[in-house]
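Just follow the structure's listing: the first ligand is 1, and inside any ligand the first atom is 1. The structure displayed is predicted, hence computed values, not measured ones.
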Amino acid sequence: MNRKTFLKTSGALLTSTLFNKVSAKESFESNKGSKVSVPNELNFPIMDLHVHRSDKLTINDIVAKSKELNMTIGVMENIAPWGIKTDVQLKEYINTIKPYPVYIGLQPMSPGWSKNFSPDLIAQADYIAMDPQIVENGNSYGETIKLWEYNAYIDDSEVFMNRNMQHYMDILTGEDPLDILACPLFLPCCLQREYDTLWTKKRLQQIIDAAKARNIAIEINDIVHVPHEKFIRMAKHAGLKFTFGSDSRNHYVGRLDYCKRIAKQCELTEKDFFVPAKK
Ligand SMILES: [Zn+2]
């Protein structure tokens, strides 16, 4: 999808989803016994593997939502300056989540993270996802750009893309354990107009090849609508697996409208999805 239409489409999506719910129900009522196609619904069970606890969303809220939606959920915690920083904290997180019927995920933010933790503890997580959204600024102070911040400023888009690609490669080809590339291809607001030009086929293929070499799955992220159809089709062609993530910290848990729509559009089937092993 063209990034310029993101906001417009989100609104349209919301409207169309509400509409579809009504029309699907109505058509079901009037077509009992005949084949009914329900727009945006997939004919296999789906999971939301990207959910964060917050002060608006406790683990009990997440479990309740999982039951309500009849959907398996994976909880993630960041390994970052604002999240888990030590073995003690990692152990506490794992032991807190373990009693609940959800997956235990980790979302480290910087390549090289795993050398600061005990491998035995890391191995207790059900899966590890990394997103490439903190990129070096390129200046001599070692500053970083947080791509999700609305005022993230990029001076030269091509110079940035070279650094950005290096960051993807550091994540995908590094020595840290990794199961899922989260939130792939997101670019900051100031580059949205150049989205399709900057994500050249060559760059997309380079990411896919690196992910394929280690069988790293690709997250389809609901909140920022990435990746787009072209990338998903290329990744599918290469035999990569996918996951869905609402990237939620509130009642949006399990909201996977973009994920379902684009998966349908790209004809993804149950076997195209990564299912973590529960440890
Ligand atoms: Zn996250």
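- As for His50, its N/O/S atom nearest the Zn ion (ligand 1) is the one called NE2.
- For residue Gln107, an N/O/S atom approaches the Zn ion (ligand 1) to within less than 2.8 Å.
- In this structure a side-chain-to-backbone donor-acceptor pair under 3.5 Å is missing from Lys236 to Asp272.
- Around atom CD of Glu136, no more than 12 heavy atoms belonging to other residues, nucleotides or ligands sit under 6.0 Å away.
- Side-chain atoms of Gln124 and Asp120 form no donor-acceptor pair, as typed in the model, at a separation below 3.5 Å.
- Here Phe274 and Tyr127 keep their ring centres 6.0 angstrom or further from each other.
- The Zn ion (ligand 1) is closest to atom NE2 of His52 (considering only N, O or S atoms).
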